[in-house]
Engineer: 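First the structure, then my questions, so here it is.
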Amino acid sequence: MRVGLTGGIASGKSTVSAILAELGAVVIDADKLAREVVEKGTPGLAAVVEAFGEGLLTPDGDLDRPAMGALVFHDEARRRTLESIVHPLVFERIVALEQEAPEGAVVVHDIPLLAESGRADTFDAVLVVDVPAETQVERMLRDRGWTREDAESRIASQATREDRLAVATHVVDNTGSLEDLRRRVEEVYAELTGSARAS
């Protein structure tokens, strides 16, 4: 059972992901894999250095993420170069992790930009962690120390709430307490494991 998990920034997607893992799901986090494939000593990092130069390494030989981010953020061609290195490596790891998952497992792909990618229909189910935009802004101001302007521009750069809800097979409302959230995730997981067994 392949499940896509998504949600806007500060929606609580990471918390939902952690609860699903506790319940027994195999969670595959694309962002985490994207960091792993360019760690020190990997062919991925060697390819990045070859494409962009050694100026993007820290004194310890790790990838300087903020410098890399600054370099590609406003430069479409460089961003595509970086993606052409990282994405195939991430995809390889995803395929390997899926193959290693136990028979009948619920495999959850944690993908922040799932609605934007147009790949929602490649999953058996799509979980969308949903909160109103104002809640996202409040959380970024409170938990991350961002300015309202930064928070609003980050939200504006992502898919709209309506776009995300349009791809959802299951909506996880995260406007209540952590207990409410856990209960809802447990309900959804029970439905998913039920249909994984039925298929």
Engineer: Under a 4.5 Å side-chain heavy-atom rule over Ile, Leu, Val, Met, Phe, Trp and Tyr, are Leu5 and Leu33 clustered together?
Structural biologist: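 Each belongs to a different hydrophobic cluster.
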Engineer: Please evaluate residues Leu165 and Val128 with respect to the criterion side chain to side chain contact (heavy atoms under 4.5 Å, CB included), reporting the C-alpha separation (whole Å), side-chain torsions for both, the decisive distance (0.1 Å), and the verdict.
Structural biologist: CA-CA 7 Å; Leu165 292 173; Val128 172; 4.3 Å; yes
Engineer: Do you know which of Val185, Thr135, Val129 makes side chain to side chain contact (heavy atoms under 4.5 Å, CB included) with Asn174?
Structural biologist: Val129
Engineer: Provide the closest heavy-atom pair for Asp163 versus Ala115 in the form atom of the first, atom of the second, distance.
Structural biologist: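 Nearest heavy atoms, Asp163 then Ala115: O-CB, 4.2 Å.
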Engineer: Could Arg35 and Glu39 be called an ion pair, given the rule that one side-chain N must be under 4.0 Å from one carboxylate O?
Structural biologist: no
Engineer: Are the side chain of Thr193 and the backbone of Tyr189 linked by a donor-acceptor contact shorter than 3.5 Å?
Structural biologist: yes
Engineer: So if you build clusters from Ile, Leu, Val, Met, Phe, Trp, Tyr with side-chain heavy-atom gaps below 4.5 Å, do Leu45 and Val37 land together?
Structural biologist: yes
Engineer: Please report the shortest heavy-atom distance between Asp150 and Thr147, naming the atom on each side.
Structural biologist: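 Closest heavy-atom pair between Asp150 and Thr147: N-OG1, 3.0 Å.
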Engineer: Using only atom types and a distance under 3.5 Å, with no angle test, would you say the side chain of Arg2 pairs donor to acceptor with the backbone of Thr122?
Structural biologist: yes
Engineer: Closer than 3.5 angstrom, by distance alone: can the side chain of Asp64 be matched with the main-chain N or O of Leu56 as a donor-acceptor pair?
Structural biologist: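 Looks like no, no N/O pair under 3.5 Å.
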Engineer: Do any N or O atoms from the side chain of Glu116 and from the backbone of Ala159 form a donor-acceptor pair under 3.5 angstrom?
Structural biologist: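 Looks like yes, one N/O pair under 3.5 Å.
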Engineer: State, with a plain yes or no, whether a side-chain heavy atom of Arg182 is found less than 4.5 Å away from one of Leu178.
Structural biologist: no
Engineer: Is there a path of hydrophobic side-chain contacts, each under 4.5 Å between heavy atoms, that joins Val108 and Leu97?
Structural biologist: no
Engineer: Run the salt bridge (Lys or Arg N to Asp or Glu O under 4.0 Å) check on Arg183 and Glu187 step by step: do they pass?
Structural biologist: CA-CA 6 Å; Arg183 256 196 311 275; Glu187 273 170 28; over 6 Å; no
Engineer: Quick one: do Asp60 and Lys40 make a salt bridge, cutoff under 4.0 Å?
Structural biologist: no
Engineer: To the nearest 0.5 Å, how far apart are CD1 in Ile94 and CG in Asp29?
Structural biologist: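 Interatomic distance, Ile94 CD1 to Asp29 CG, rounded to 0.5 Å: 9.5 Å.
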Engineer: Output all residues satisfying side-chain contact (heavy atoms from CB on, under 4.5 Å) with Ala120, sequence neighbours left out; order by chain, then residue number.
Structural biologist: Leu114, Val126, Val167
Engineer: If you link ILVMFWY side chains whenever their heavy atoms are less than 4.5 Å apart, which other residues fall into the same cluster as Leu113? By chain and number, please.
Structural biologist: none
Engineer: Please collect all side-chain hydrogen bond (donor to acceptor under 3.5 Å, both in side chains) contacts where either partner lies in residues 80-91, sequence neighbours excluded, each pair once.
Structural biologist: Glu76-Arg80, Arg79-Glu83
Engineer: Is the shortest side-chain N to carboxylate O distance from Arg148 to Glu134 below 4.0 Å?
Structural biologist: yes
Engineer: If you round to the nearest 0.5 Å, how far is OG of Ser11 from CZ of Arg161?
Structural biologist: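 So the CZ of Arg161 and the OG of Ser11 are separated by 10.5 Å.
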Engineer: Who pairs with Glu50 by side-chain contact (heavy atoms from CB on, under 4.5 Å), at least two apart in sequence or on another chain?
Structural biologist: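 For Glu50 there are no side-chain contact (heavy atoms from CB on, under 4.5 Å) partners, ignoring immediate neighbours.
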Engineer: Checking the side chain of Gln158 only, and the main-chain atoms of Ile9 only, is there a donor and an acceptor separated by less than 3.5 Å?
Structural biologist: yes
Engineer: Could you list the residues that satisfy side-chain contact (heavy atoms from CB on, under 4.5 Å) with Thr175, not counting sequence neighbours?
Structural biologist: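 side-chain contact (heavy atoms from CB on, under 4.5 Å) list for Thr175, sorted by chain: Val131, Pro132, Asp173.
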Engineer: Once you round to the nearest 0.5 Å, how far does OG1 of Thr42 lie from CG of Leu89?
Structural biologist: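 Between Thr42 OG1 and Leu89 CG, I get 8.0 Å after rounding to 0.5 Å.
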Engineer: Which atoms form the tightest heavy-atom contact between Ala10 and Met140, and what is the distance?
Structural biologist: CB-CG, 3.8 Å
Engineer: With the side chain counted from C-beta on, respond yes when Val48 and Met68 share a heavy-atom pair under 4.5 Å apart, and no when they do not.
Structural biologist: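 Yes, at least one pair of side-chain atoms sits under 4.5 Å.
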Engineer: Is a side-chain N or O of Thr6 found less than 3.5 angstrom from the main chain of Ile111, in a donor-acceptor match?
Structural biologist: yes
Engineer: Going from CZ on Arg164 to CG on Leu127, what distance comes out if it is rounded to the nearest 0.5 angstrom?
Structural biologist: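 Between atom CZ of Arg164 and atom CG of Leu127 there are 13.5 Å.
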Engineer: Strictly distance-based, threshold 3.5 Å: is any side-chain N or O of Asp130 a donor or acceptor partner for the main-chain N or O of Val171?
Structural biologist: no
Engineer: With clusters defined by side-chain heavy atoms of hydrophobic residues (ILVMFWY) lying less than 4.5 Å apart, directly or transitively, does Leu20 cluster with Val188?
Structural biologist: yes
Engineer: Does Phe123 have any ring pair (Phe, Tyr, Trp, His ring centres under 6.0 Å) partners at least two apart in sequence or in another chain, and if so, which?
Structural biologist: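 If we apply the ring pair (Phe, Tyr, Trp, His ring centres under 6.0 Å) test to Phe123, skipping adjacent residues, the hits are His109.
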Engineer: For Arg65 and Val38, which heavy atoms make the closest approach, and how far apart are they?
Structural biologist: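 Between these two residues, the closest heavy atoms are NH2-CG2, 3.5 Å.
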Engineer: Counting C-beta onward and ignoring hydrogens, is there a side-chain heavy-atom pair between Leu181 and Val172 closer than 4.5 Å?
Structural biologist: yes
Engineer: How about Arg139: does its CZ atom have over 12 heavy atoms from other parts shown lying under 6.0 Å from it?
Structural biologist: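 Yes, CZ of Arg139 has more than 12 neighbouring heavy atoms, counting only those of other groups under 6.0 Å.
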Engineer: Flag yes if Leu192 and Val26 sit in one hydrophobic cluster, no otherwise; membership is Ile, Leu, Val, Met, Phe, Trp, Tyr, and two members link when side-chain heavy atoms are under 4.5 Å apart.
Structural biologist: no
